[in-house]
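Computed from a prediction, not measured in an experiment: that's the story for all the values here. One-based numbering along the sequence shown.
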Amino acid sequence: MSATTYPFKENAYTLYSYALCPYAQRAIRAFNIAKVPYVVEEIDLRNKPDWYHLVNPQLKVPALRTPDGTILIESLVIAEFVADQFPEAGLLSNNATERAQLRLFIELFGTRVSPFIYKSLTSAEVEDQKKAEESLLAGIRAVNDELEIQWKRSSGKGGPFWYGDKFGFAEIALVSFVGLLAVPRHYRGVVVPETEEYAAFSKWKAAIYQHPGFTDVKPEDALLIENYKKFVAETKN
């Protein structure tokens, strides 16, 4: 195929993805939970096809081609597009306050947890590794506290998911990174304590691990561990 065209399915949603990418998994989960048919073009991020710049000039995944030929990029943008395009799936609340609270939760996780998963791996100095672990656990405690607050709201319904018993947009956005906690556990021995200050997070994680919305997309831990090996800095004594 020449670099002036790219593969897609006519009159369908074509998702350009990579199975081990946590961001691409968001888009896959959005379509799966909404029960919207789609086709996947798997993109090898180590050897990107010469046509992929025609889909996404940034050469990142995921990207989405809609049936009318529109190209969308960025995982949360695509997930929110699915939620808005198919409101009957109920991925997002119609209530503006509830949507704002959800966005703040996703932002909290994205700034207080996700970066320190990677930081724990890339830090070489023992002291820096310790600081990254402390920051990661502090972020998880903040997520725990926000879950406790949400479950007392009418939209939280006591959990175990953000919207009560419904695996919804919060989970679509974040569960890939919950699964990634297996990587610093393997390489750095980072474990979430089984104490009260992590109880809500543990309840949420347990429910996530039992739901097909997570398990049907989640790569095996062994694949994740091998894939992230390249980011792991050798510890300096």
Side-chain angles (χ1 to χ4, degrees), residues 1-87 89 91-92 99 102-119 121-122 169-180 183 213-214 216-219 223-224 226-233:
M1 179 171 293
S2 73
T4 58
T5 60
Y6 62 90
F8 63 90
K9 185 175 181 180
E10 290 280 2
N11 303 313
Y13 290 99
T14 303
L15 192 58
Y16 302 85
S17 184
Y18 176 58
L20 294 178
C21 174
Y23 298 97
Q25 290 163 21
R26 283 174 167 169
I28 293 283
R29 288 192 171 99
F31 276 97
N32 286 354
I33 298 300
K35 295 182 170 57
V36 177
Y38 63 98
V39 295
V40 171
E41 281 288 338
E42 188 74 5
I43 305 298
D44 185 347
L45 295 181
R46 297 160 297 185
N47 185 26
K48 301 180 184 73
D50 60 4
W51 48 261
Y52 192 55
H53 70 282
L54 299 172
V55 178
N56 185 357
Q58 298 179 28
L59 300 179
K60 299 190 298 183
V61 294
L64 175 69
R65 188 185 193 276
T66 68
D68 68 4
T70 300
I71 299 289
L72 300 175
I73 62 173
E74 299 297 337
S75 59
L76 285 176
V77 171
I78 293 170
E80 192 159 344
F81 166 80
V82 174
D84 288 338
Q85 189 76 356
F86 302 97
L91 300 186
L92 280 172
R99 288 175 75 127
L102 171 59
R103 287 193 177 97
L104 287 171
F105 180 62
I106 293 171
E107 176 70 12
L108 172 69
F109 196 105
T111 56
R112 297 289 305 277
V113 177
S114 301
F116 296 103
I117 294 175
Y118 296 96
K119 186 69 173 175
L121 303 177
T122 59
F169 198 89
E171 288 71 36
I172 287 167
L174 301 176
V175 296
S176 295
F177 300 94
V178 174
L180 274 186
V183 180
F214 176 69
D216 289 354
V217 179
K218 179 188 178 298
L223 290 175
L224 287 174
E226 179 61 28
N227 187 58
Y228 282 85
K229 185 177 182 178
K230 58 183 176 287
F231 297 113
V232 180

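Taking the ring centroids of Phe116 and Tyr118, they lie at or beyond the 6.0 Å cut-off. When ring centroids are compared, Phe31 and Tyr13 come within the 6.0 Å threshold.
Rounding to the nearest 0.5 Å gives a distance of 7.0 Å between NZ of Lys230 and CZ of Arg46. The distance from the CG atom of Leu64 to the CD1 atom of Ile73 is 11.5 Å, given to the nearest 0.5 Å. Separating the CZ atom in Phe86 from the CG atom in Leu91 is a distance of 10.5 Å, to the nearest 0.5 Å. We find the CD1-OG1 distance between Ile117 and Thr122 to be 12.0 Å, quoted to the nearest 0.5 Å. Taken to the nearest 0.5 Å, the CD1 atom of Ile71 stands 9.5 Å off from the CD1 atom of Ile78. Between atom CZ of residue Phe169 and atom CZ of residue Arg29 there is a gap of 13.0 Å, rounded to the nearest 0.5 Å.
Between Pro22 and Ser176, the shortest heavy-atom distance links the atoms O-OG, 3.3 Å. Pairing each heavy atom of Ala19 with each of Glu42, the nearest pair is N-OE2, 2.7 Å. The two atoms that bring Ile28 and Ser17 nearest to each other are CG1-OG, 4.0 Å, heavy atoms only. In this structure, Val82 and Ala30 approach most closely via the heavy-atom pair CG1-O, 3.7 Å. Closest non-hydrogen pair, Tyr6 versus Phe8, comes out as O-CD2, 3.4 Å. Residues Tyr52 and Val61 approach most closely at OH-CG1, 3.5 Å, considering heavy atoms.
No donor-acceptor pair under 3.5 Å is formed between the side chain of Lys35 and the backbone N or O of Asn32. Judged by distance alone, with hydrogens and angles left aside, the side-chain atoms of Thr14 form a donor-acceptor pair with the main-chain N or O of Lys9 at under 3.5 Å. One N or O on the side chain of Asn56 and one on the backbone of Lys60 form a donor-acceptor pair closer than 3.5 Å.
In this structure, Thr4 and Trp51 have side chains that are not in contact, with every pair of non-hydrogen atoms separated by 4.5 Å or more. Side-chain contact between Tyr16 and Val40 is absent, with no heavy-atom pair separated by less than 4.5 Å. Looking only at side-chain heavy atoms (C-beta outward), Gln25 and Ser75 stay at 4.5 Å or farther from each other. The closest side-chain heavy-atom distance from Arg26 to Glu74 is not below 4.5 Å. When side chains are defined from C-beta on, Leu15 does not count as touching Val39, because their heavy atoms never get closer than 4.5 Å.
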- request: Determine, step by step, whether Phe109 and Val178 satisfy the side chain to side chain contact (heavy atoms under 4.5 Å, CB included) criterion, reporting the C-alpha distance in whole Å, the side-chain angles of both residues, the deciding distance to 0.1 Å, and the verdict.
  value: CA-CA 10 Å; Phe109 196 105; Val178 174; 4.0 Å; yes

message: Checking Thr5 against Leu54 for the side chain to side chain contact (heavy atoms under 4.5 Å, CB included) test, could you report, in this order, the C-alpha distance in whole Å, the side-chain angles of both residues, the deciding distance, and whether it holds?
response: CA-CA 7 Å; Thr5 60; Leu54 299 172; 5.6 Å; no

- prompt: Is there a side chain to side chain contact (heavy atoms under 4.5 Å, CB included) between Glu107 and Arg103 once you walk through the steps?
  reply: CA-CA 6 Å; Glu107 176 70 12; Arg103 287 193 177 97; over 6 Å; no

task: Would you check, one step at a time, whether the test side chain to side chain contact (heavy atoms under 4.5 Å, CB included) holds for Glu80 with Leu92?
output: CA-CA 8 Å; Glu80 192 159 344; Leu92 280 172; 3.9 Å; yes

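Between Arg65 and Glu10 no salt bridge is recorded (no basic side-chain N to carboxylate O distance below 4.0 Å).
Remark: Lys119 NZ is loosely packed, at most 12 non-hydrogen atoms of other residues, nucleotides or ligands lying under 6.0 Å away.
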